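Working notes for the structure below.
As the structure is a prediction and not an experimental result, all values here were calculated from the model.
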Amino acid sequence: MADQARFTEVAMEHMPGLYSAALRMTRNPADAEDLVQETYLKAYRSFGSFQEGTNLRAWLYRILTNTFINSYRAAQRRPEVTDVEDVEDLYLYKRLSESGGTASGRSAEDVALDGFTDEDVKAALEALPEAFRMAVLLADVEGFSYKEISEITDVPIGTVMSRIHRGRRALQKALHEVAEARGLVGSASGGTRD
């Protein structure tokens, strides 16, 4: 019974963050609630094996991630295949600087962010392939280190770094396309490609 009381005391404070992560993973409030509920049920049942003094938040996120992968990804019979090798490094920033977007002395990042709504960024993030989206979310939204993400997702740290890098590049490209469509920057097809 002491374990049950202790679980409630230490684990429940992480529920809002877990729900936010689950919502970004599932893209559906009802599914996110189910995912968090299942995560807490599994965590509660396994709390006796949790090592006191280790990172409880990372442990809960690992359960959440594994539950998502096992439950929700199983519904997709075939893995999502995406080729993002053609995405250039710093695509957004290169294109902004080529189009003169930084003429006022402001950084390319500042210029870019002025033209995007939260919905633009959310849509670009949600369009990422699952492996990249989860890595970027865990790093850039949840603030986990590469090592923690490696433990949460159970993949090597090099793979985590690659997924974050490639996910960020794909985000840059998607956001640049939004900026082009709105006329915020010149078209990349108008210039020569390096």
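Here the CG atom belonging to L41 is positioned 9.0 Å from the OG atom belonging to S46, to the nearest 0.5 angstrom. Between R163 atom CZ and I149 atom CD1 the span is 11.0 Å, to the nearest 0.5 Å. Between atom CZ of residue R62 and atom CG of residue D154 there is a gap of 4.0 Å, rounded to the nearest 0.5 Å. Interatomic distance, OG1 of T39 versus CG of D34, reported as 10.5 Å (0.5 Å rounding). To the nearest 0.5 angstrom, L128 atom CG is 11.5 Å from R166 atom CZ.
In this structure, the side chains of Y61 and L138 come closer than 4.5 Å at one or more pairs of heavy atoms. No side-chain heavy atom of L35 sits less than 4.5 Å from a side-chain heavy atom of D31. Side-chain contact between N66 and K42 is absent, with no heavy atoms from C-beta onward closer than 4.5 Å. You'll find the side chain of L64 reaches within 4.5 Å of the side chain of M25, heavy atoms only.
When all heavy atoms of L60 and Y40 are compared, the closest pair comes out as CD1-OH, 4.4 Å. The two residues T26 and A32 come nearest to each other via the heavy atoms OG1-N, 3.4 Å. Across every non-hydrogen atom of S145 and E148, the tightest pair is N-OE1, 2.9 Å. What you find for A124 and L175 is that their closest heavy atoms are CB-CD2, 3.9 Å. Heavy atoms only, all atoms of each residue included: I164 and A139 are closest at CD1-CB, 3.6 Å. Listed here is the closest heavy atom pair of T67 and I63: OG1-O, 2.7 Å.
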Next on the checklist: Set out, in order, the CA-CA distance, both residues' side-chain angles and the distance that settles side chain to side chain contact (heavy atoms under 4.5 Å, CB included) for F132 and L171, then state yes or no.
Outcome noted: CA-CA 10 Å; F132 298 152; L171 274 174; over 6 Å; no
Next on the checklist: I'd like to know whether R6 forms a salt bridge (Lys or Arg N to Asp or Glu O under 4.0 Å) with E9, so could you lay out the CA-CA distance, the side-chain angles of the two residues, the decisive distance to 0.1 Å, and finally the verdict.
Outcome noted: CA-CA 5 Å; R6 178 79 178 132; E9 179 184 323; 3.0 Å; yes
Next on the checklist: Applying side chain to side chain contact (heavy atoms under 4.5 Å, CB included) to N55 and E151, what does each step give before you reach the verdict?
Outcome noted: CA-CA 11 Å; N55 189 338; E151 292 168 2; over 6 Å; no
Next on the checklist: Go through it in stages, so that I can follow the logic: the residues are R169 and K173, the test is side chain to side chain contact (heavy atoms under 4.5 Å, CB included), and I'd like the CA-CA distance, side-chain angles, deciding distance and then a yes or no.
Outcome noted: CA-CA 6 Å; R169 289 189 328 187; K173 183 177 182 187; over 6 Å; no
Next on the checklist: I'd like to know whether F68 forms a side chain to side chain contact (heavy atoms under 4.5 Å, CB included) with M134, so could you lay out the CA-CA distance, the side-chain angles of the two residues, the decisive distance to 0.1 Å, and finally the verdict.
Outcome noted: CA-CA 11 Å; F68 171 73; M134 289 182 69; 3.9 Å; yes
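More than 12 non-hydrogen atoms from other residues, nucleotides or ligands lie less than 6.0 angstrom from CD of E126. Heavy-atom contacts from other residues, nucleotides or ligands closer than 6.0 Å to CD of Q51 number 12 or fewer.
Listed for the S20 side chain is a donor-acceptor partner under 3.5 Å among the backbone atoms of P16.
For R57 and F144, the positive end sits near the middle of the six-membered ring, less than 6.0 Å away and at most 45° from its axis.
Within the structure, salt bridge (Lys or Arg N to Asp or Glu O under 4.0 Å) contacts touching residues 16-30 (residues at least two apart or in different chains) are R24-E142.
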